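Here the structure is a predicted model, which is why all the values come from computation and not from measurement. In the text below, chain A, chain B and the rest are named by the order of the sequence lines, each starting its count at 1.
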There are 2 protein chains.
Amino acid sequence: MSAKERREQERARVRAALIDAGRAMFISQPYDEVSLRAVARTAGYSAPTILNHFGSKEGLIFAICEQDFGALRARFERIAKVADPVDRLRRLGEAYVDFAMENPHHYRFMFMSNHPAPDPAQFPIDRSNPDLDAYAFLRATVAEAIATGRFRPECKDADLVAQVIWSGGHGLVALHLTKGDDPALTFRPIKAAARLLIDATLRGLLKAED
Amino acid sequence: MSAKERREQERARVRAALIDAGRAMFISQPYDEVSLRAVARTAGYSAPTILNHFGSKEGLIFAICEQDFGALRARFERIAKVADPVDRLRRLGEAYVDFAMENPHHYRFMFMSNHPAPDPAQFPIDRSNPDLDAYAFLRATVAEAIATGRFRPECKDADLVAQVIWSGGHGLVALHLTKGDDPALTFRPIKAAARLLIDATLRGLLKAED
DNA sequence: TTCGTTAACTTTACACTGTTAATTTACTTA
DNA sequence: TAAGTAAATTAACAGTGTAAAGTTAACGAA
């Protein structure tokens, strides 16, 4: 093994250690309550080391999320095998809501925080590959259902339909994450709401016979 | 005028000045990019004066939002006169989306930020009065539509149905506010999406004959 | 009128934050 | 062995929200 390779391996090891330490804290605390210094301390490094590896605090959090979103991708891959595109949409919605509630801080950072899109050079997300990108997967499934004539005639635009469906799922999750503990809002169990939401949205978008 | 009254009036004047200065900055910048010191400076006071009046930074921002949400309430009051509850729901959805897009930072703070519910003593929002609270208004309208037999039989729970409808609207708005400038997501115009979303959601929830 | 009280505001200070710059340390290579 | 390089460190910067202490002015009672 060359010296350069060894250096790179060591660098990857440190990077992994920082991500692990960061994840341990980020699982239980949201983005803005996890301080770089705290992560660095638990990892056994100093704060600027994180910046050296990830460029910024957001870079670190994004790296953590990027890794853990593999779990969502894995579920998508299983769902991709479902033959009927409408069934697939249903399963997709359930998986999306489940994932968000299991990883609230990840979800919050990825879909509810306003940050410039991460540097594609450092974190390449293939937006055109449905296997890797959640929205692309949704859009492709919608397009398939449109192509096979399942949607109502006014639903010809796959992006528009996908965005309407995504809005429902995201809204349900986001409200629960931000307002779920508001005692004045008697939230119904999210599972029940998700079921009604998915059923109603699809019924409203699909042709009557479905 | 008694001295005490004069003092209270002066206090209200300062309070209004702080709110005005805060609003001017908060219109164009989100919550976390508006610093107390900056607001205080433009209002001609020192930072702790804001804390004296509003208890915390969030207290100030909430006071600003609380005032400006009067515009939303005014629209709701007009909509309240619409006879048909389903028509009312439609109008409600449109008004909600419009308001959010016209006041993105207010919306972000009120519905997309995680803060403990504001002290009810200082900011009393009557949750039971539909004229004042957006969710209460939505819920009451849903309940009326349920009572008059417009919704499908599985839609008996006004809270559940209201939360499903709210999810759609909130999700659409929230996605546009956080991801609206992501070049990889070709967002369709929000007006068009809102129309399809509202149509589809209601069609999916209402009885077929509607 | 004068004195003590009170309220409102300011200055100062604290404990943080993410980030940058300068510096040290260790290792590789010529 | 000497030079060079990469990666860590410490120190420092410019902010933040907020708490405590100090200042000033107006008020009510003697």
Side-chain angles (χ1 to χ4, degrees), chain A residues 1-22 25-26 29-65 105 109 113-116 118-119 122, chain B residues 1-22 25-26 29-65 105 109 113-116 118-119 122:
Chain A
M1 187 191 296
S2 82
K4 188 177 177 185
E5 279 173 339
R6 226 181 315 142
R7 254 205 333 260
E8 272 172 17
Q9 199 171 325
E10 168 63 12
R11 190 172 173 83
R13 206 192 51 75
V14 172
R15 187 188 161 91
L18 292 170
I19 287 183
D20 284 350
M25 324 192 65
F26 190 50
Q29 274 179 318
Y31 168 62
D32 13 343
E33 288 171 29
V34 176
S35 88
L36 277 186
R37 284 173 170 84
V39 173
R41 200 180 323 121
T42 56
Y45 294 90
S46 69
T49 296
I50 294 179
L51 301 181
N52 179 348
H53 278 261
F54 301 95
S56 69
K57 181 186 182 183
E58 298 212 322
L60 168 67
I61 308 282
F62 189 83
I64 296 168
C65 289
H105 302 302
F109 178 77
S113 305
N114 215 210
H115 35 237
D119 181 11
Q122 200 166 5
Chain B
M1 187 191 297
S2 83
K4 189 178 178 183
E5 278 174 339
R6 227 178 317 142
R7 255 205 330 261
E8 271 172 18
Q9 199 171 327
E10 168 63 12
R11 190 171 173 83
R13 207 192 51 76
V14 172
R15 189 188 159 91
L18 291 170
I19 288 183
D20 283 351
M25 324 193 63
F26 192 49
Q29 273 179 319
Y31 169 61
D32 12 343
E33 289 172 27
V34 176
S35 87
L36 277 187
R37 285 172 169 82
V39 174
R41 200 181 324 120
T42 56
Y45 293 91
S46 70
T49 297
I50 294 179
L51 302 182
N52 178 345
H53 278 261
F54 301 96
S56 69
K57 182 186 181 181
E58 297 211 322
L60 167 68
I61 310 281
F62 189 84
I64 296 168
C65 289
H105 302 301
F109 176 78
S113 306
N114 214 210
H115 35 236
D119 182 10
Q122 200 168 6

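Between A:Ile61 atom CD1 and C:dT19 atom C1' the separation is 15 Å, expressed in whole Å. When rounded to the nearest whole Å, the span between CZ of B:Arg15 and P of C:dA7 equals 18 Å. With rounding to whole Å, B:Leu18 atom CG is found 11 Å from C:dC9 atom C1'. Atoms CD (B:Glu8) and P (C:dA7) sit 12 Å apart, rounded to a whole Å. Going from atom CZ of A:Phe54 over to atom P of C:dT19 covers 13 Å, rounded to whole Å. For the pair A:Arg7 CZ and D:dA7 P, the computed distance is 6 Å after rounding to whole Å. When rounded to the nearest whole Å, the span between CG of B:Leu51 and C1' of D:dA20 equals 13 Å. Rounded to a whole Å, the CD1 atom of B:Ile50 is 9 Å from the P atom of D:dG17.
Base engagement by B:Arg37 is indicated by at least one non-hydrogen atom pair under 4.0 Å involving a base atom. Contact annotation for A:Val34: backbone-only contact, meaning every heavy-atom pair under 4.0 Å involves sugar-phosphate atoms and none involves a base. In this structure, B:Ser35 reaches the sugar-phosphate backbone alone: every heavy-atom distance under 4.0 Å involves primed, P, OP1 or OP2 atoms, never a base.
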side-chain contact (heavy atoms from CB on, under 4.5 Å), that's the test. Do B:Arg11 and B:His53 meet it? Break it down for me. CA-CA 9 Å; B:Arg11 190 171 173 83; B:His53 278 261; 3.6 Å; yes
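OP1 or OP2 of D:dT10 has not a single side-chain nitrogen or oxygen of A:Ser46 nearer than 4.0 Å. Taking side-chain N and O atoms only, A:Arg11 has a distance below 4.0 Å to OP1 or OP2 of D:dA7. Look at B:His53 and you won't find any side-chain N or O under 4.0 angstrom from OP1 or OP2 of C:dA8. Distances shorter than 4.0 Å separate some side-chain N or O of B:Arg6 from OP1 or OP2 on D:dC27.
Sequence order on DNA chain D of the closest nucleotides to A:Ala47 and B:Ala47 puts A:Ala47 first from the 5' end. For the pair A:Pro48 and A:Arg41, nearest-nucleotide mapping onto DNA chain C gives the more 5' position to A:Arg41.
A salt bridge links B:Glu10 with B:Arg13: at least one charged nitrogen is closer than 4.0 Å to a carboxylate oxygen.
The side-chain contact (heavy atoms from CB on, under 4.5 Å) test with A:Val39 singles out one residue from A:Val34, A:Asp20, A:Ile19, and that residue is A:Val34.
Side-chain N or O atoms of A:Lys57 include none that pairs as donor or acceptor with a backbone N or O of A:Ile50 at under 3.5 Å.
Comparing C:dT28, C:dT19, D:dT9 by their closest approach to the side chain of A:Lys57 singles out C:dT19. Taking only side-chain atoms of A:Thr49, from C-beta outward, the nucleotide of D:dA8, C:dT19, C:dT20 with the closest atom is D:dA8.
A:Ser113 contributes atom OG, which lies 12.0 Å from atom CZ of A:Phe62 (distance to the nearest 0.5 angstrom).
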